[in-house]
Amino acid sequence: MNLFRDVKADLDRTVETLIAEGVLPEGLDLSRVTVEPPRDASHGDMATNAAMLLSKPAGMKPRDLAEKLAEALTGHDRIATAEVAGPGFINLRLAATAWHDVLRAILDLGTAYGDSDIGARRKVNVEYVSANPTGPLHIGHARGAVVGDALSGLLLKAGYDVCKEYWVNDAGSQIDSLGWAVYWRYLEILDPKKFAITDEAAIKSFMAAMGAPDRELEYRGEYLIPVAQALFEEKGDALAVKGADGFEGKPVDEWLPPIRLFAVDKMLDLIKDDLKVLGIDQDVFTSERWIIETHVDRIVAWLKDRDLIYRGILEPPKGQKPDDWEPREQTLFRATQFGDDVDRPLQKSDGSWTYFASDIAYHWNKHERGYDRQINIWGADHGGYVKRMQAAVTAASEGKAALTVKLCQMVRLMDKGEPMKMSKRAGNFVTLRDLVDAVGKDVVRFYLLTRKPDAPLDFDLTAVKEQSRDNMVFYVHYAHARGHSVFRMAGEQVPDLDVSDAALAAADLNLLSEESEQAVLRLLSEWPRVIEAAAEAEEPHRIAYYLYDLASAFHGWWSKGKEDTALRFIQADDPAVTLARLALVKAVRIVIASGLAVFGVEPVEELT
RNA sequence: GCGCCUGUAGCUCAGCUGGAUAGAGUGUCGCCCUCCGAAGGCGAAGGUCACAGGUUCGAAUCCUGUCAGGCGCGCCA
């Protein structure tokens, strides 16, 4: 059920009829013709730009064509009046029955109302979070997580076959650093004095003794203590040697490989728990280690066969010269052939693959799995990486796959309008889990979706819990809760009234004649096209604004009853009117619940 | 120096992929409600859509250039 699509179909048929009658020429392109809600409700229910778009190919003046179309359009059942306005708009007013059909469809379909088939079950891969498995998720990850999850929900509702994916960077130098950090915590358990994490001198001399004098000890957070503890319980002191002077470290090769595996495993568990707290459950976790073992060599050879890889020397970036620049021959991918600014290195000087190489292989793997539409959600600091990745996807799929990247800007954590000071070193940086504990998963999810991702966002711990109109999260929840409270009140005030789904479906909807009721119904009719537009634009935040608009219209309608008791939803002496209004209230509840479901947010029946 | 993102009311932000008189919240000002159907209602003021060109029936939206802010710029992921 999509009223706008139905009316567009009426319009298309009208144009075809006029073509058959010779009024319009054949071969008109109707794809850009729209049927939309007008900006101003006084213009009518819907407006179309058809006459303005078709006037040129039809060889007619826009207003003349509009007159012809308007006349023909009034022949359809759904269309009550069609008037020409402005430069050639055709404003439509719909028959009352058209609106009633919408309302009944909502009651019948429930939260499936708004489901679309524009996706046609096409496969889409949405990759998000993909944080390095080196620690718990923090607030910076939360936005990408929520945006990716909501976009997935949106595409699912729009009829796509969606795969929600996490790319696990379980290889590379950061995982080495994690291994070292866990080893230090492990040694700390064996001898807390000798291996204190605060003893910079001890750390430095230890690194030197291990043959890695330049290595810094990263990841000093306490979350690694239980990991080291678990390691100790599994291995005892076998990963260290006991000398005359207490415990000493073993040669790196003996402990680093097993500890890396152990630590990544534990970190991934930690991250999955964090995601669970946010209500996120991704379908596929792909390991970089596995991709390197099974895919990189193959795709590199494949690209080499096509002369897309060569040995060469890059020019230094103009304007900004790194001090230590020296010309260096490296293995390069011809990214410039696919729209990137420079060719990009695939191998480090020690011969191992760069992250880019494994990422190429990974995206190629997605293509092999049938995902030719790929969406990645990244932090804005990775913006410089977008073009090369798109170039690589195009190259490795021979142009069959396309990647879009959504960049999420920073989230500033605030309290009462003041930025909160966070520092990793001091250990008071806010984890995702802290955030959820503080305000709840649904508030976090919804609030992070109230702004388009490419704009920075302030997350104010106090403001998000305020119960006022300027808090979108509250206002939408309140509308849904109010919808339930109306039904609770109906049960008290008119206990004999049958408000079952069947009774609501049979209500006399002609009794919904108030302007504020029509306004609500008009918005409800837009829900399917909001879903489709948001899905095509890949912009879940539009759902938040729609829900806010719907909540506003609903609260506005409710408020009418304050001025005039005859407009209150429940009229004890008029069951027919009450039932019709309750039917509309129920429909509002359904659509809000349907929208919140896209966001993975639970609708509430009562405010707390 | 180059690339990407951003620039809309005092403030925080929408603006349906090019449509009609650019919207909402907040703040300011004025009225109402002081209610119990829970956390408010009505109205006013407030704009050179950063700036300058261009495309066309029509531009906040598309193109070019300029300015300002953010991010990034050869073996980190």
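Side chains are part of it too, since the values below use all heavy atoms of this structure and drop only hydrogens, waters and symmetry mates. These figures come from a predicted structure and were not determined experimentally. Just so we're on the same page: letters track the sequence lines, and every chain starts at 1.
- Aromatic ring orientation, A:F459 versus A:Y447: perpendicular (interplanar angle above 60°, classes split at 30° and 60°).
- Contact annotation: A:K560 does not reach the phosphate of B:G41 (side-chain N/O to OP1 or OP2, under 4.0 Å).
- Using a 4.0 Å heavy-atom distance criterion, A:E326 is classed as a base contact.
- Annotation: side chain of A:V473 is not in contact with side chain of A:V464 (no heavy-atom distance under 4.5 Å).
- Closest contact between the side chain of A:K348 and the listed nucleotides B:A77, B:C57, B:G23 involves B:A77.
- Across all strands shown, the partner of B:C67 is B:G7, judged by Watson-Crick or G-U wobble contacts whose two distances both fall under 3.5 Å.
- Nucleotide B:C73 holds its P atom 10 Å from the NE2 atom of A:H382, rounded to whole Å.
- Under the side chain to side chain donor-acceptor pair (under 3.5 Å) test applied with A:K387, the options A:D340, A:T336, A:D341 reduce to a single match, A:D341.
- Ring pair A:Y166/A:F285 is parallel by interplanar angle, where below 30° counts as parallel and above 60° as perpendicular.
- For the pair A:L53 CG and B:G18 C1', the interatomic distance rounds to 9 Å; values are reported in whole Å.
- For A:P87, whose side chain is taken as the heavy atoms from C-beta onward, the closest listed nucleotide among B:G41, B:C4, B:G19 is B:G19.
- A:R589 forms a cation-pi arrangement with A:F487, by the criterion of a distance under 6.0 Å to the ring centre and an angle within 45° of the ring axis.
- Whole-Å rounding puts the A:E563 CD to B:C32 P distance at 15 Å.
- Between A:H477 and B:A38 there is no side-chain N or O to OP1 or OP2 distance below 4.0 Å.
- For A:R344 and A:F356, the positive end is not near the middle of the six-membered ring at less than 6.0 Å and at most 45° from its axis.
- The partner of B:G72 is B:C2, by the rule that a Watson-Crick or G-U pair needs both atom distances under 3.5 Å.
- The distance from atom CG of A:D454 to atom C1' of B:C4 is 11 Å, rounded to the nearest whole Å.
- Under the 4.0 Å criterion applied to side-chain N and carboxylate O atoms, A:E515 and A:R522 are assigned as salt-bridge partners.
- Taking every side-chain heavy atom of A:P345 into account, B:G74 is the closest of B:G74, B:G41, B:A77.
- Aromatic pair A:F569/A:W557: ring centres closer than 6.0 Å.
- With a 3.5 Å ceiling on both atom-pair distances, B:C49 lacks any Watson-Crick or G-U wobble partner.
- The glycosidic torsion of B:U34 lies more than 90° away from 0, which places this base in the anti conformation.
- As rounded to whole Å, 15 Å separates atom C1' of B:C13 from atom CG of A:D460.
- When heavy atoms are screened at a 4.0 angstrom cut-off, A:P133 is found touching no nucleic acid atom at all.
- Proximity note for A:D381 (side chain, C-beta onward) versus B:G3, B:A39, B:C71: the nearest is B:C71.
- For B:G18, there is no paired base (Watson-Crick or G-U wobble, both distances below 3.5 Å).
- Between B:G25 and A:Y548, no contact under 4.0 Å exists linking OP1 or OP2 to a side-chain N or O.
- Checking B:G30 for Watson-Crick or G-U wobble geometry (two distances, each under 3.5 Å) identifies B:C42 as its partner.
- Taking atom NE2 on A:H555 and atom C1' on B:G41, their separation rounds to 14 Å, with Å as the unit.
- The side chain of A:P317 lies closest to B:G1 when the candidates are B:A20, B:G1, B:U17.
- Which of B:G15, B:A20, B:A77 sits closest to the side chain of A:Q174 comes down to B:A77.
- For a distance-only test at 3.5 Å, the side chain of A:N91 qualifies as a donor-acceptor partner of the base of B:A20.
- OP1 or OP2 of B:A14 sits under 4.0 Å from a side-chain N or O of A:K452.
- The A:R451 side chain lies nearest to B:A14 when the options are B:U17, B:A14, B:U6.
- One can place CG of A:L523 at 16 Å from P of B:C16, the figure rounded to the nearest angstrom.
- Under 4.0 angstrom from either OP1 or OP2 of B:G19 there lies no side-chain N or O belonging to A:R32.
- No side-chain N or O of A:Q174 forms a donor-acceptor pair with one of A:T134 less than 3.5 Å apart.
- Nucleic acid contact for A:F356: none, since no nucleic acid atom lies under 4.0 Å from a heavy atom of the residue.
- The residue among A:S173 and A:G86 whose nearest nucleotide of RNA chain B is located toward the 5' end is A:G86.
- Contact annotation for A:Q467: base contact, defined as any heavy-atom pair under 4.0 Å involving a base atom.
- Contact annotation: A:R328 side-chain N/O to B:G74 OP1/OP2 distance is not under 4.0 Å.
- Both distances falling under 3.5 Å, in either a Watson-Crick or a G-U wobble arrangement, occur for no nucleotide opposite B:A60.
- Counting non-hydrogen atoms under 4.0 angstrom, A:I570 reaches nothing in the nucleic acid.
- Side-chain atoms of A:Y478 and base atoms of B:A39 include a donor and an acceptor less than 3.5 Å apart.
- Closest to the side chain of A:Y545, from the set B:U26, B:C13, B:A20, is B:C13.
- In terms of position on RNA chain B, the residue among A:Q493 and A:I313 whose nearest nucleotide sits closer to the 5' end is A:Q493.
- Distance, A:R488 CZ to B:C36 P: 20 Å, rounded to whole Å.
- Nearest to the side-chain atoms of A:S349 among the listed nucleotides B:U26, B:C75, B:C76 stands B:C75.
- Considering only side-chain atoms of A:H43, the nucleotide from B:G25, B:A20, B:G15 that sits closest is B:A20.
- In this structure B:A24 sits in a base pair with B:U12, meeting the Watson-Crick or G-U test at under 3.5 Å.
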